[in-house]
Structure formats: C-alpha cells, structure tokens
Trainee: 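Just passing along the structure, written as structure tokens.
Computed from a predicted model, the values in this text were never measured in an experiment. Just so we're on the same page: letters track the sequence lines, and every chain starts at 1.
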Protein chains: 2
Amino acid sequence: MIPRIELLNTGSELLLGNVRDLHLSWLGKGLFPLGLRISRQVTVPDGAMIRDALVEAFPRTEMLIVTGGLGPTTDDMTRELVAELLGRRLLLQQEILDNIQERCRQRGFTFHSRMERQAMVPEGAIVLPNEHGSAPGLYIPACEGVSSVRPHLFLLPGPPRELQPMARSFLFPLLKNLMFSPQRVDCRIYKIVGMGESMVEALVGLKLSQRGDLEVGYCARPNEVDFRLIGSREVLEKVEPLVLAAVGEYLVSDQGEGMEEVVVHLLKKAQATLATAESCTGGFLASCLTDVPGASEVFLEGFVTYSNQAKSDLLDVPAALISLHGAVSEEVACAMADGARARSGASHALATTGIAGPGGGSLEKPVGTVWIALSSEGKKTEAWREYFPVDRTSFKQVVAQSALDHLRKLLQKPSVKSGSKTF
Amino acid sequence: MIPRIELLNTGSELLLGNVRDLHLSWLGKGLFPLGLRISRQVTVPDGAMIRDALVEAFPRTEMLIVTGGLGPTTDDMTRELVAELLGRRLLLQQEILDNIQERCRQRGFTFHSRMERQAMVPEGAIVLPNEHGSAPGLYIPACEGVSSVRPHLFLLPGPPRELQPMARSFLFPLLKNLMFSPQRVDCRIYKIVGMGESMVEALVGLKLSQRGDLEVGYCARPNEVDFRLIGSREVLEKVEPLVLAAVGEYLVSDQGEGMEEVVVHLLKKAQATLATAESCTGGFLASCLTDVPGASEVFLEGFVTYSNQAKSDLLDVPAALISLHGAVSEEVACAMADGARARSGASHALATTGIAGPGGGSLEKPVGTVWIALSSEGKKTEAWREYFPVDRTSFKQVVAQSALDHLRKLLQKPSVKSGSKTF
C-alpha cells in the first residue's frame, strides 16, 4: 500500500492573501519521484485552529508534513501544540541554542530571550538542522498514542528558502527510508497550445481513460492545455504514439517543459540566437528566457523600450513611424524587431508593443491590444495583432507566451514530431 | 457573528505540483474588505475525494467556495458530486448550451457532446455567467438538508482568468448581501527590511499584542519582515506612531506595497527617472518595475546584456575592463550602470551582474555572488558585493529586491518617516 501523505500549511498571511503558498507545488513535485503523492493539503491560520487541523488529520494519514509556526514570535505555536497533543515534554537543547546565538553574532542581530523557544524539542523528536534560518525542523516518528496511532510527523519552517534545503537533505531521504515497496509510476505532461481540452479528450483522452492502467488528467489555461498521463513507464511509452498522432503540431512539449525551455532548446538545436525588444511586456519576456539555465548561449540581448524615445534611440524606430501609426501598430512592432535584430546581430528577434492597462486604451486600440513581431534572418518580418483583455500581470504573461509560441512554430516547422521528441 | 467561509480547491495538478494555486491569495485579498476571512482552505485531487471534503466542510462553515471540476472532461466531477450530495436533480439549461455552442463557433472550435455537461444545473441553483470560458459558475443558497443545515455553496471554474471576473461580478456582491452586520476591521502591513522578526517583536510587537484590541502577525522572508496589524481603523491610527518610532529607517512601506511600488512612487515624487542594465537578473528587474501601473512615467529604458559583447555594444563597457576584472566585478557593474545612465539620460541607473548558477561559479566567485551598482546624477557611482546562494529563480528575485532597496534608501534619505507616510 502506498502511504497517504498530507500537508498542513499554517499561517494567517496565506489565508489573508498577503503571501502566496509555494510549498504545495514544490513538495508535490519533489515527492512524486519517491512514489508519493500528497492526498490532501490544508491551510489554517496561526493559533489554536492548528490543533483542530492536526486532530482531524491524525487518523486520516500515515505521514503529515506541517509547515510554519516554528519562529520566535507569539503567533508561532506549532511546536507547542504538537507537543501538547502528543503528550510530550518540551526540552531545551543547548546545541540548538548555541547555534542560534552564534547566528545572531555572525549577522549582527541582538539575541532575544524569546528565540530560546526555537531550541525546545519535544521528547523523542529528531532535530532537522536548518542551514538558512534559526528554527530547526523536527521529525517525530509514528507511534501509538493514548487512544490511537499517530502518523509520522514532520514539522518544517515556513520560509521556502529554509524549508527547501531541509526537505532535500532530510525529509525526502527519511520518507524514502519509510517506504518499503514504493510503487513507481511515471508522469507525462503534454503541453498543447491552440486546441481546447474537449478536443484533446475526444481525440485521444477518452480512449486512454478507458484502458484502466492510466490516470488521465487535463489542466486548461488560456489557449493551452496540459494533458497529463500517470502510469507505468511501459504503458506510457506504448500510448505515446497515439497522443502524438492526435495532437500533432499543437504539441509544444511532452515532458511538461515550459514554453521558454522549449524555445531555448530549439534555438540551441538550430544554432540560432535571439534578441528581444519589449514595450508592454517590460522585460518579462527576457526574464522568462533567462529563467532557463544555459539561456545565455542563445539569448544575446534584450531591450526594454517603454518610451517612444527609447524605441528610436535603441532600436532605430523612426519617430515619424511612431507618430504616423502610433506606438502600438504593426509598423512599429516590425521596426522594433528589425532594429533589435540589426543591433544585436541575432538570427531572430521578437518584439512586443501593446496596451497593458489599466490606462491608455482607446476605442480603436482597447486595453489588451498587442502587436507581436518576429524578425528572422532571410525571412520577411511578420507581425500578429492579438487581444488579451486581462489584468496587467496576466497580460505580460500571455503576451510573452504568445510571442515565444510564434518563434517556436517557426523553429519547429520542418518536422514537428521529431522535434518534440528530442527535448 | 462573522460567518465562517471555507475554500475548497479541487485539481490533481495542484497536488502534483504542476500548477500553483492562485485562488487562495486572490480570494483572501478580495474577501477581507467585505469583513470576511477564509477560515480554512483545503486542496483535494479530482474525483471522489471531493465528496469527503464536502461532507466534512458542510457542518464546519456557513459559506463554502469550491473551485475547479466544472470543465467538460471526465475528471471534472464537482457539479455532479454536489448535486448528488444535496439530493438535487441536474437539469439541462438550453440558454447555457446555446452560449457554449456560440462560443465554439466564434473561436473556430468543434462542439463536442461532452460539453453538454457544462449546461447542467442542479435544481434551485443560480447560474453565474462566465465571460471568459464555457463553464458557468453556480450558487446554491444555504438550505436545510435531510439531516442538517448546508452552507451557502459557490461553485467556481478553476482557471483564474474565468474565476476572477466571476468573483468580482457575482461572488463578492452576493456575499456582501448575505452579511447583515459586517464587522469592519482594517489590516495594515508594515514591510521592514534589514531587521529580524524577533527584534520587531521585542521593540513593538509584544507590547501591541498585549492590548487585546489588535491582532498581531509576522511573516519573515530573506532580509525582510511583514509586520501585520489587524484591528479597527481608530486603533490602527493610534498605534501607528509607536510602530514608526520603533522601526525607523528599516520601514519600506506601511500599506504592504511591494518594493517596486515604493521605488516607482519615490521616483515620481522626486521627478526622477530610472534605467536598468541587467546581466544576471535577465530582465526580471525591469519586469518588476513595469508591473507597477504608471511605471512608464519614470522607467525610461532597460538593457538586458547577458553577453560580454552586449555589455560593450549597448552600455559602452570597455572590453578590456571585462577581461581584466571579469564580468562579475565592481568595475564592470559600475561601468554598466554609468553606461545605462549615459545612454538613457535617466537620473538613476541600476546594474546587476552575478552568477545565478547552476553553472559558472568559481572558488573566488561562487554561484550566488552578485555585484549591484547604482549610478546617480551628481553622485559617485556606488557598488555592493552581495551573496545569495539560492536557486536560479529566487536569485533573480532577491537580487532585484536588493538593487531596488539600494535606490530606495538613496531616494528616502532626506526624511524617512514623512516619505513612508505619503505613498
């Protein structure tokens, strides 16, 4: 049997919306290769509601990961609540206290007596050292309680930069040891752009879901579907040709890679280079590309030309062109792309110019309008008018995705399927 | 009494980590001004576990928001499970079906018979139109069930660009109507950089938490603390001078604004302008700035100069300087900032050059090393060597934050407190 594993996130800031949780997706991805899947995730505010959530989770799961509430301030209560529920005493560990005091000295912070709480350890708990913060994590092995069995408990610090190294060094190895016969399944995510999820289901999904040895899932985003298959490697390999035949040129990647990874790999393969000229995406397109390790081999330079002056100065867009057609126009988009390619010497250049809003729209060019241009060596520069009436941040994202997709299609043109198999 | 409100997110992709939840933070922020706070959030996979989560939540809350599972594919089961649990029949609404077919026509998609499920409505439910997708939302008012009272149920689509407009148009107004005497409290978030949370608590937090009429919270991030106070407007105004006196120049903002908003506002106030020259942050710094509406007034242009060639071509960094000191050096950082300022004519320019990793580090300059430079009109160009041994994406974030903080300190120098009050 695969053990159940639950995640309990504590922190009022998560429920108030001031801070966005990163743990679920990070831990979910990290646990899958161990053969583990989070069966439920719960968020509760700081304080006594943590107790209710713990009591409810205990009989439901074999392993429970709790994040947050290990800090030095009054709203941090996880350690104390767990000790109380398990009927364990909290004992001061001098070594932890010494570490905290040493940390304060090194960083020039004053030691406060309240920090001492972070050196308290429930009897029988195993301390998980924290390389990037003062509160250590705690592992309390499963045990018979007064009236019932308790799950394996892992208490981890809330900040991702403390939790993540601790999970890599201790949580994942401990979980691996606890699993006697992990059932290994693989997950394949086909990223499909320009085809609706109903179509994907009709073409291939329904048939695959009837097999019984595959878990089939869909996640739709604007203009994009993640088609997810979970099963044994053999089954996944067997059905892959069916998927490829069904989705054809709409397939962006078959391992869940993001669009930017796909484009960087295609550029490397083609020994081509790229420059960007951004108005409305304001650096986001360049930032997507530079999120990919090794992007520096293909991404030569990026221009963020918000002002008209910058478009002329940096990209040689004639001022007359801007005043004649407006900054958001086919002509200016093409001139930006051509200018970026000429200045950088790259084989391709992408340009974006649009109205992200909230202000700046007109009847003819409402907020959400964008021109995307692609200039490529030995090819006529092309431009596309698109319309994404979404909030400012989403606008930057969908425009950057769409710009990259135009380049992807050009780079993949010769042979889609063989291209998609080599990433 | 303030009604309890719970959020149930459905979707295996959330638990597998392939997709990050955006609903909790977005809804949390949107509900607070209505006097509502999410008391618990739960994520479960697609399928039958949704039923367990619904059954458990019903007696615990007065209002329940369920996201996802309204799509056309086999893994979408929320509508059917809810109807079954409430003992309601599902009836086809022709108007919804017509809309879906019209949508398909407009977008050139083929209509599939499975989409018909999206036009099924549980008896007694109120349909919430979806402007950005095919599945409408559903509101099922609270009612006496066979054996117990059911909460008000809101079923919303999973994609954020469908859920968010629907929540603004229907969910928030409906909830407002359901609340007879909302208890209005305000939330103030003081963003503090360079002071630990224990210090904030010792200086002011502990005293405030003893008042009894304030909820005090802390959220620590690398080099940063959000100090959160929730209470009536009168109390918040009364205690504000205590907070300001305690945290002084460490205060970045007092309304929870991000660093980039603070910097854009300070630049506007000073009638100053900014240019950026980015190597290791790869456009992320420019993208942060252009996330702020109105940034175009102060942000003139950005250069993403990943390659040494680009640093010389675009920013006039002498090639000899790069070969002598290396691209990650004080000299090159300063030359980049000076070059960006000279080229753009901006009053300030920020430059970043560092080693984001995973490759490229050396003993002398390990992965995580960065030089940040600030060039300002009439001032000697300054540079700071910093070290952030974190993953590639976090590296870009902390370097961008740190670069902006150097500029903030310069802009706030004359009078910190009056500056922080005027945003």
Trainee: Please classify the contact of A/Met199 with chain B as side chain, backbone, both or neither, using a heavy-atom distance under 4.5 Å.
Mentor: both
Trainee: Scan side-chain atoms only and decide if B/Thr352 and B/Thr281 contain a donor-acceptor pair under the 3.5 Å cut-off.
Mentor: yes
Trainee: Under 4.5 Å from any heavy atom of chain B, what part of A/Leu289 do you find: side chain, backbone, both or neither?
Mentor: neither
Trainee: So which of A/Leu285, A/Thr276, A/Leu314 has the largest heavy-atom pair count under 4.5 angstrom toward chain B?
Mentor: A/Leu314
Trainee: Answer with side chain, backbone, both or neither: which region of A/Phe32 has an atom nearer than 4.5 Å to a non-hydrogen atom of chain B?
Mentor: side chain
Trainee: Measuring heavy-atom distances to chain B, does A/Arg60 have an atom under 4.5 Å in its side chain, in its backbone, in both, or in neither?
Mentor: side chain
Trainee: Considering the options A/Pro165, A/Pro160, A/Pro157, which one meets the side-chain contact (heavy atoms from CB on, under 4.5 Å) requirement together with A/His132?
Mentor: A/Pro165
Trainee: Would you say A/Leu15 and B/Leu24 make side-chain contact, with heavy atoms under 4.5 Å?
Mentor: yes
Trainee: Give a yes or no answer on whether the side chain of A/Ser344 reaches the backbone of A/Ala340 with a donor-acceptor pair at less than 3.5 Å.
Mentor: yes
Trainee: Could you look at A/Leu31 and say if it's the side chain, the backbone, both or neither that has a heavy atom under 4.5 Å from chain B?
Mentor: neither
Trainee: When only pairs under 4.5 Å are counted, which of B/Pro45, B/Ser307, B/Ala310, B/Ser198 shares the most heavy-atom pairs with chain A?
Mentor: B/Ser198
Trainee: With only heavy atoms counted, which part of A/Glu162 is less than 4.5 Å from chain B, the side chain, the backbone, both or neither?
Mentor: neither
Trainee: Between A/His23 and A/Asp21, is there a side-chain heavy-atom distance shorter than 4.5 Å?
Mentor: yes
Trainee: Tell me whether the rings of B/Phe388 and B/Phe395 are parallel (<30°), tilted (30 to 60°) or perpendicular (>60°).
Mentor: perpendicular
Trainee: Test side chain to side chain contact (heavy atoms under 4.5 Å, CB included) on B/Lys396 and A/Thr290; report intermediate values, then the result.
Mentor: CA-CA 10 Å; B/Lys396 290 167 75 172; A/Thr290 58; 2.8 Å; yes
Trainee: Measure distances from A/Ile230 to the heavy atoms of chain B and classify the residue's part below 4.5 Å as side chain, backbone, both or neither.
Mentor: side chain
Trainee: If we ignore angles and hydrogens, is there a donor and acceptor under 3.5 Å between the side chains of A/Thr73 and B/Glu201?
Mentor: no
Trainee: Checking side chain to side chain contact (heavy atoms under 4.5 Å, CB included) for the pair B/Ser25/A/Arg20: CA distance, chi angles, key distance, verdict?
Mentor: CA-CA 6 Å; B/Ser25 70; A/Arg20 195 174 288 163; 3.4 Å; yes
Trainee: In terms of heavy-atom proximity below 4.5 Å to chain B, should A/Val216 be classed as side chain, backbone, both, or neither?
Mentor: backbone
Trainee: Where does A/Ile38 contact chain B at under 4.5 Å (heavy atoms): side chain, backbone, both or neither?
Mentor: both
Trainee: If you count heavy-atom pairs under 4.5 Å with chain B, which of A/Val42, A/Val44, A/Leu16, A/Asp46 comes out on top?
Mentor: A/Leu16
Trainee: Looking at A/Phe303, A/Tyr218, A/Phe284, which makes the most heavy-atom pairs under 4.5 Å with chain B?
Mentor: A/Tyr218
Trainee: Quick check against the 3.5 Å criterion: does A/Lys191 have a side-chain atom that pairs as donor or acceptor with the backbone of A/Val225?
Mentor: no
Trainee: Contact part of A/Arg40 toward chain B, heavy-atom cut-off under 4.5 Å: side chain, backbone, both or neither?
Mentor: both
Trainee: Give the member of A/Gly217, A/Ser12, A/Gly196 that has the highest number of heavy-atom pairs under 4.5 Å with chain B.
Mentor: A/Ser12
Trainee: Below 4.0 angstrom, N of the basic side chain to O of the carboxylate: do A/Asp313 and B/Arg343 qualify?
Mentor: no
Trainee: Pick from B/Gly28, B/Gly294, B/Gly205: which one has the most heavy-atom pairs with chain A under 4.5 Å?
Mentor: B/Gly28
Trainee: I'd like to know which of B/Glu278, B/Gln164, B/Glu56, B/Met49 tops the heavy-atom pair count under 4.5 Å against chain A.
Mentor: B/Glu56
Trainee: Relative to chain A, which of B/Leu27, B/Asn18, B/Thr305 shows the most heavy atom pairs under 4.5 Å?
Mentor: B/Asn18
